[in-house]
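Working notes, structure below.
This is a predicted model, so every value here is computed, not measured. Heavy-atom basis, side chains included; hydrogens, waters and symmetry copies ignored. Residue numbers begin at 1 in each chain, while the letters A, B, ... track the order of the sequences.
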Amino acid sequence: MNYQNYQLSYKGNGLDYFRIMLVNFILTIITFGLYYPWAKARTLQYMYSQTTFQNQPFVFTGTGNQMFKGFIKALGIILVIYGFGLYIAVSNIFGRGGTQLVLLALYLVIFAIMPLAIHGSYRYRFAKTVWSGIRFGYTGDRWALVRIFFKGIFFTIITLGFYLPWFHMNLRRYLLCNVRIGNARFAYKGEGAEYFWINLKGYFLTILTLGIYWFWWQKELFAYFVDNLALTKDDEIMLCKSMATGGDFAKLIIVNLLLIIFTLGIAIPWVVTRTLAFVMDHIALDGIINFDQLRQEQEDYNDATGEDLSDFFDFGFII
Amino acid sequence: MNSAALPLYYDGKTSAGQPVDIITHEKEMELHFAFPENGFHVVKEPITINYKGCTTAHVAEHLYVYINRSGAAYLAIPFTHPSYRTIRDSIMHANPSWFGKLMNMHVGVLAFVFVILLVGGYFAIANVVPWVGLKIISPSQEKQMGDKLFQAFVDTEETDSQKTRLVNEVANALQLSKTYSIQVTVIKNKEVNAFALPGGRIVVYTGILKSMKSGDELAALLSHEASHINKRHSLRSLLRSSAVSIVISIALNDASGVASVLVQKAETLRSLGYSRNLEREADASGMQLLVDNHINPIAMRNLMLRLQEAYGKAPDMIAFLSTHPATQERIDNAVAFSNKYRSREYAVNTVVSKNWELIKN
């Protein structure tokens, strides 16, 4: 296979997204919020469909029905945990010390739910991501993720937060290295130590330059994400490279802020569109993978409980 | 034939698209393959695709038709293809949805509907929740609530037991409430302030007593506060503000920070206007109570004047006025109200005047 450049781009426009947001808002209001899972599916379907790789759009094949079922399950899980905690606290059946122990155990359960929710979210989201007819997939093990999480939280606490960059990179590496598209797999090689220095440098230079360096800090974080990412298939590889400069980031973020302030937030769909286009336009991809020969290898997965639990905890889609 | 303009069919098994010819019918379309595959000229059987169940997306000059949601087999039809419109419209009609219908409306209409729903929802919640709440919560539950609030408040304050007794005698000598038993507590505090709690409790600061010049003014203050209690104002505004703040926080969950700050400021202004309306209502009904108790309602105007004088001396001590702005308007209203009852005979209430002499000292 010959060496070549690949194209990634976002073709959406703000007006279309604005219209989708309005319709979703209207339907969500008149159904007293029950439409939310379908609204989310519509939004994801739109955004995926406007993202193209080699001029082929991505497809989000998840449905509102699946996410509604997941939403009900997630709600059940949350209610059981909080209801149990509330019951223990109010009834005091275990005495004062016993109650505190049970509540501590509940906190641990909630901590454990976070990686489980991320795992579920990744499985569902990638199983429902399709490009050129080929499904993505997430092949990570949920208990391995729980272990990374607990180790990360433990060391973050005893190092008073200094371990956080290592925790962050261990998590990202594990998640991304388990993402597949058909028979091709992603690889990420970011390291905690390097990530720590980028952040330390960014923090102090931002203060020293009265905030101006912040945009360059964002550029470095973006580059650290993109440059360490690769896709491999058998002995073929595609490499990613960030083309964004600090100046690009300054322009993007300042214009976004001005748009939001002067339109009182109405411009949000345009801001999201610009930002997605910016991200896609500033990733250069090259390598020797022949995408015409991808094989369908990842299985489908319909349980959106993790996806909805992540929504409840409001951690979005972590990478 | 130019194959670039041909529709491409992706079967969901391999990632390369296969060029096809499309023949459209009323409820389905047929895909015909007649092109080389893997170097051989294979004529594959045509595929029939039902419009029902298909979904579409417009991406970069192509209509994408997703045939099978789980298998993700799809068709990419260029806008230049002669059947493009037919296929797009057929799929839309075969799969009716509210989302699809709304998406075909003008964006201005959608924005208008959205704003109407927001404003309507806001007013429905701001009015319906307090209305239902007032129906559900009985005066005795209201009293329990007021007592709890009072306990929490009075723990950190010093009460004046002698003045409390005297002011309560004044309150009992007047007919202030049919539903609630009015209970006054006087707090030792220089601040010029008084307020009512739900269920019948009134708190009066010694500061406001000092600024008064007659027993009738005290009666006017008590009538005003008792009217807040009779009309269940604090419960009403409590229900309203909590309902509105819950809805705002849900609605703005993912909106930008700017919008949420603006909405909250707007809501603060609106609730200030709301509380002013409640004050007007309490002024009017308080003066009616004075008339019913044979006390000249002009006492309300006098009370307002005293508060204004005290405000001139130490503005930061007058909490009563700062939450009740537009004093001149209230004075004018009091004068207008009194003029209506000018011809009435007002007797001196002996308890009010006797106790006032004691309170004053």
| note | Separation between OH (B/Tyr10) and CH2 (A/Trp131), nearest 0.5 Å, reads 8.0 Å
| said: Please rank A/Arg19, A/Glu297, A/Lys11 by heavy-atom pairs under 4.5 Å with chain B and give me the top one. | reply: A/Arg19
| remark: Shortest non-hydrogen pair, A/Ile26 vs B/Leu110, comes out as CD1-O, 3.5 Å
| field | From A/Ile29 atom CD1 to B/Leu118 atom CG, the distance as rounded to the nearest 0.5 Å | value | 4.5 Å
| query | At their closest point, which heavy atom of A/Leu22 faces which heavy atom of B/Ala111, and how far apart are they? | reply | CD1-N, 3.6 Å
Show the atom names and distances, to 0.1 Å, of all donor-acceptor pairs under 3.5 Å that link a side chain in residues 265-273 of chain A to residues at least two apart or in another chain.
from, atom 1, to, atom 2, distance (Å)
A/Thr273, OG1, A/Pro269, O, 2.7

| Is it the case that more than 12 heavy atoms not belonging to A/Arg185 sit under 6.0 Å from its CZ atom? | no
| query | Between the side chain of A/Gln50 and the main-chain N/O of B/His58, is any donor-acceptor distance below 3.5 Å? | reply | yes
| query | How would you list, in number order, the residues of residues 93-101 of chain B that have a heavy atom less than 4.5 Å from chain A? | reply | B/Ser97, B/Trp98, B/Phe99
| remark: Whatever's closer than 4.5 Å to a heavy atom in chain B on A/Ser9 counts as neither
| Side chain, backbone, both or neither of A/Asn302 within contact of chain B (heavy atoms, under 4.5 Å) | neither
| request: Under 4.5 Å heavy-atom distance to chain B, tell me which part of A/Tyr35 shows up: side chain, backbone, both or neither. | output: side chain
| Which atom pair, heavy atoms only, marks the closest approach of B/Tyr74 to A/Pro57? | OH-O, 4.5 Å
| query | Should we say atom CZ of B/Phe112 is surrounded by more than 12 heavy atoms from elsewhere, each under 6.0 Å from it? | reply | no
| request: Give, as side chain, backbone, both or neither, the part of B/Tyr64 having an atom under 4.5 angstrom from any heavy atom of chain A. | output: side chain
